[in-house]
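Ligands are counted one by one from 1 in listed order, and the atoms in each one are counted from 1 as well.
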Amino acid sequence: MTQIKSNTTMGAMWGEASSRGQPAARGSWFSRARYAMFIHWGLYSHLAGVWRGQSYFGNGEWIRRNAHISREDYAAIAGEFNPTDFSARAWTQLALDAGMKYIVITAKHHDGFAMFKSHASAFNIVDASPFGRDICAELAQACRDAGLRLGFYYSQTQDWHEPDAYGTDSSKPPTLEAFQRYLDTKARPQVRELLTHYGEVALIWFDTPGPMSREGSQALQDEIRALQPNCLINSRIGNGLGDYVTLGDQEVPSTGHDGLWETVDTHNDTWGYIAHDTNWKSAREIASRLVRVVARGGNYMLNIGPDGLGRVPGVSSDTLRQVGRWLRTHGEAIYDTQPTAALDLPWGDLTRRGDDLYLHLLEQPREGRVILPGRFDHVGEAHQLGVGPVACRVTPQYLELTLPRTADPAMVPVVKLRASMVHSAQERMALPGMACRLESSRAQLVGCRVVTRHWMEKFGDWKYRECIVDMAPTSSSATWTMTRLGEGLCSVDIEYSAHPDEAGHTIWQLDINERTTPFPLFPTGNYLTREYEMGFERLIFRSYRIGLFHLGAGPHQLTLTRLTGSHRVDLHALTLNPVVA
Ligand code: JFZ
């Protein structure tokens, strides 16, 4: 089976999340579901991103590590944790209202605190908190009543409460014998408890597999298969096992992956509740990220971070419900759909079910014109979901759709079109008046390659850029082809990140058809940091305007070459932006 490799390896702890799983029947519900709720809830929610008067930023569920809270002080928080506003039914109702089809909750995160009754460790919500209720049991019952599937997140290598586990002090990892003792006395017994006390479990969501041995991952997987053969396992079990790939956090890929895979995403910039993190994604941003993931064949699992009393922040629940209202009229374009080969469209993305194509308009088309490159047979009626009929003109190279003017377009307008795609054009088609983005992953490369650069802004707030790297002077090139459906003036802007260099800048060359334009690229200010006890590089990307170009209708070829310098420059994308004279 094709080994699916995620784009990101994050050093020792995060591990290479890949999976050769072949879930077959066990995973059919997963690919139909497409959209899920992730819930990060634990003792960290009670701290809300603040410790002893100081605010912390990034992943709230890491506050024990980032605020250097002692084991004793953190364990004492359990004695204050009393989420009297918790209601499992309120959460399942929110998931239903949001249009989400399954829920995954943190049963035990890296802090070691179990949100369920456990005989393997008294450090759990029933035995160690005044709340004394098994919220996983209540949520399991509420999910059964609501017709939702339930999965459990379990951190199988990091456990900051247990000296025999990883993560407490990265400078002093446990011995192999100690870690095996942790697996044998806590991790595996707790996974067994989750798979025997809470009814049918849809999936176990492991995390940070880094130090797991192949035998360790295999033993966990064998145990799960023996207890609940239909339970899916994500790739963060480690060592290429599992049934589906979990990409890097918050990673929305430009291309799809084979087999089952998911993107997991925060709603603001943290998984666990932080009172001062108000950087919420809007409903349209969430719908757009959902579309982009589903159009590439993945599932999108969006997180909520309830507070220490069990309340879901109002902005979070309101936004999820707004997306849910959109899904009530547009869900047929998301659930149980398949990806198509037509990617990288200037106006948005395409999903398919049989001969029904769904055009998701992430960019508002000028004059309502939408071009779908490719050759199509049996073109039938077209209509905008929730609005009405759409005019459709067929040419041998593309379909042209003209949308009715609507005062208030849906969050993401979707056109449903019955047609069988005979051939999907790979080159980009640029419409006058619309930006045309040439991603690094779509270039023909000579003497260079594409990698995913990733870094953290705030802790755990991961950023990703697919970039062309290793371009050498004169011997490397990156070429894009695109077709303009009308002449026009446009700027060509390059988005890149560059390390400092002694010359102050490097010189590059852009060839558009026969026209050659040299241009400089300056350092963008990347820097190495040792924040969060992790050495990593913080990348800074900027956009640089190479120049203005008048392009006629028809095909064009754009080629980038490097003329000077050898230090690292990461090229993310070229964008042709229309310029209204
Ligand atoms: C992990 C956790 O550390 C975090 O607290 C949260 O639960 C998240 C969903 O999962 O964070 C990761 C794990 C893997 C990657 C990035 C963040 N990765 O491989 O890019």
Side-chain angles (χ1 to χ4, degrees), residues 4-19 36-45 47 49 56-67 103-113 115 151-160 165-168 170 203-212 234-240 242 244-253 257 261-274 277 299-306 451-466 532-534 536 539:
I4 309 156
K5 294 178 75 64
S6 77
N7 277 317
T8 55
T9 43
M10 300 280 179
M13 181 50 71
W14 308 130
E16 179 64 43
S18 59
S19 165
M37 176 184 276
F38 210 174
I39 303 176
H40 276 69
W41 196 44
L43 295 185
Y44 42 82
S45 312
L47 297 183
Y56 289 83
F57 307 94
N59 283 1
E61 69 284 3
W62 276 72
I63 190 167
R64 176 169 171 214
R65 274 284 299 267
N66 293 338
I103 292 175
V104 177
I105 187 167
T106 50
K108 185 212 55 116
H109 204 268
H110 307 328
D111 62 357
F113 187 71
M115 297 296 279
F152 293 119
Y153 166 111
Y154 192 86
S155 173
Q156 77 277 25
T157 58
Q158 291 196 72
D159 190 318
W160 305 329
Y166 285 87
T168 305
S170 45
L203 61 93
I204 297 287
W205 205 93
F206 289 111
D207 200 8
T208 60
M212 283 296 280
N234 76 327
S235 57
R236 290 187 192 173
I237 188 173
N239 295 291
Y244 68 94
V245 172
T246 297
L247 298 189
D249 287 16
Q250 304 156 63
E251 181 179 5
V252 179
H257 287 260
W261 61 275
E262 68 177 349
T263 284
V264 291
D265 213 359
T266 52
H267 188 172
N268 45 11
D269 289 336
T270 174
W271 302 96
Y273 178 67
I274 288 185
D277 184 334
N299 282 22
Y300 183 64
M301 184 152 76
L302 179 68
N303 185 70
I304 62 169
V451 298
T452 297
R453 298 290 192 208
H454 46 262
W455 70 99
M456 292 195 294
E457 292 293 342
K458 300 189 282 280
F459 181 81
D461 180 20
W462 291 96
K463 305 300 178 193
Y464 300 83
R465 288 286 190 286
E466 286 178 350
Y532 314 115
E533 295 141 37
M534 293 170 73
F536 66 94
L539 298 182

Just distances here: any N/O of [X] and N/O of ligand 1 closer than 3.5 Å?
X	value
Trp205	no
His40	yes
Trp271	no
Asp249	yes

Give the atoms of ligand 1, by number and element, whose distance to some non-hydrogen atom of [X] is under 4.0 Å.
X	answer
Trp462	16 (C), 17 (C)
Tyr464	20 (O)
His110	2 (C), 3 (O)
His109	4 (C), 5 (O), 6 (C), 7 (O)
Glu61	4 (C), 5 (O), 6 (C)
Trp62	2 (C), 3 (O), 4 (C), 5 (O)

Check: [Y] and [X] side chains under 4.5 Å, non-hydrogen atoms:
X	Y	answer
Asp111	Glu61	no
Asp461	Met456	no
Phe206	Met212	no

In sequence, state the C-alpha distance, the side-chain angles, and the governing distance for Tyr244 and Asn299, and then conclude on side chain to side chain contact (heavy atoms under 4.5 Å, CB included).
-> CA-CA 10 Å; Tyr244 68 94; Asn299 282 22; over 6 Å; no
Below 4.0 angstrom, N of the basic side chain to O of the carboxylate: do Asp269 and Lys458 qualify?
-> yes
For the atom pair CH2 (Trp455) and OH (Tyr464), what is the distance rounded to the nearest 0.5 Å?
->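 The CH2 atom of Trp455 sits 10.5 Å away from the OH atom of Tyr464.
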Would you check whether Glu251 reaches within less than 4.0 Å of ligand 1, judged by its heavy atoms?
-> no
Please work out whether the ring planes of Trp62 and Trp160 are parallel, tilted or perpendicular, with thresholds of 30° and 60°.
->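 Perpendicular: the ring planes of Trp62 and Trp160 meet at over 60°.
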Do Thr246 and Glu262 have side-chain N/O donor and acceptor atoms under 3.5 Å apart?
->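 There is such a pair (donor and acceptor under 3.5 Å, judged by atom type) between the side chains of Thr246 and Glu262.
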Give the contacting part of [X] toward ligand 1: side chain, backbone, both or neither, where contact means a heavy-atom distance below 4.0 Å.
X	result
Arg236	side chain
Asp207	side chain
His454	neither

Are Phe38 and Trp271 an aromatic pair by the rule of ring centers under 6.0 Å?
-> yes
